[in-house]
Amino acid sequence: MRAITAAEIKVVRGVALRRDPAREACFKVVELHHELHDYDDMSDVSRRQRLHRHMHNEMQTMEIAAQGLADFPDAPWDLRMQMARQCWDEARHTCVLYRRLRELGGRKGEFPVMNYEWGVTQLLDSLAARLAVQNRTFEGGEIDLLRQQERMWNEAGDPNTAALMDALLADEVQHVRFANRWLKKMAQENPRTLLHVATGIQRLRQVTAGLAPQPGEMNAVGVNLTAFTHNDVMANIDDRKLAEFTEQEISELLRQEGFGSIAAAAQAPAA
Ligand SMILES: [Fe+2]
Ligand SMILES: [Fe+2]
């Protein structure tokens, strides 16, 4: 890929990020979590904000997959086909969420948006690193989040939106799975792939640490961010298996979430 110029980089809290992609004038683009309007309940305004944020995130994911196609024209054809299909999926997800947002009385640009995933991934100069960070990590996390959100919308008495989360999940599993398959294949063919993956994950850690909310930091609508972002997102084991994470990787994830003993038990041979 071509080198990224200094003009394409912005610095937020000392962290270098790729400059935001173009947005329609209706969107207010912000740079830090505390500027967003995330609510911690399921009030009407919170429901619209959740759909709005999710819609914008799907749009951003489409842009990331599309930029990957443009930046890595020499990637294997079959991988490029998967990425092109992903663009189609993410565009559809954006439209479906936009429609639901309007059905609930919301509108495009109603809440601030942030291009966090774009900012992180678009400074990575290898396709392996981008697949590791975007598909395997961000969208892998979405597998867990979508199952939790399906439950939340059902419990809030909105089975229609809950059903949307389930439909999106099926596609996200495929996006994570093709990245897992290709990363394995690329690593087998060229051990340097592991270095690219490690570079991407290390970069993600740096950005996450640099931009993480400070203890007690409140967002634009008065929600305590450190309390908010730590609400439980339980690992969605079944769907992660479908996305071809190994037992060991799932166990590691559970261990990080404080369920190490359960993970260890699952790996121990039956008595
Ligand atoms: Fe999606
Ligand atoms: Fe996706």
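Every number for a ligand or one of its atoms is a count from 1 in the order of the listing.
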- Message: Quick check against the 3.5 Å criterion: does Arg18 have a side-chain atom that pairs as donor or acceptor with the backbone of Thr121?
- Response: no

- Query: Under 4.0 Å between a Lys/Arg side-chain N and an Asp/Glu carboxylate O for Asp125 and Arg130?
  - Reply: no

- Task: Any side-chain hydrogen bond (donor to acceptor under 3.5 Å, both in side chains) involving residues 92-104? Give me the pairs, sequence neighbours left out, ordered by first then second residue.
- Result: Glu58-His93, Asp89-Arg92, Glu90-His93, Arg92-Asp171, His93-Asp171, His93-Glu172, Arg100-Glu103, Arg100-Asp158, Arg100-Thr161

- Task: Applying side chain to side chain donor-acceptor pair (under 3.5 Å), name anything that partners Lys28, two or more places apart in sequence or on another chain.
- Result: none

- Message: His56: which residues meet the side chain to side chain donor-acceptor pair (under 3.5 Å) condition with it, sequence neighbours left out?
- Response: Arg23, Asn115

- Message: Distance check, rounded to the nearest 0.5 Å: Trp153 atom CH2 versus Arg50 atom CZ?
- Response: 7.0 Å

- Message: Within less than 2.8 Å, report the number of protein N/O/S atoms around the Fe ion (ligand 1).
- Response: 4

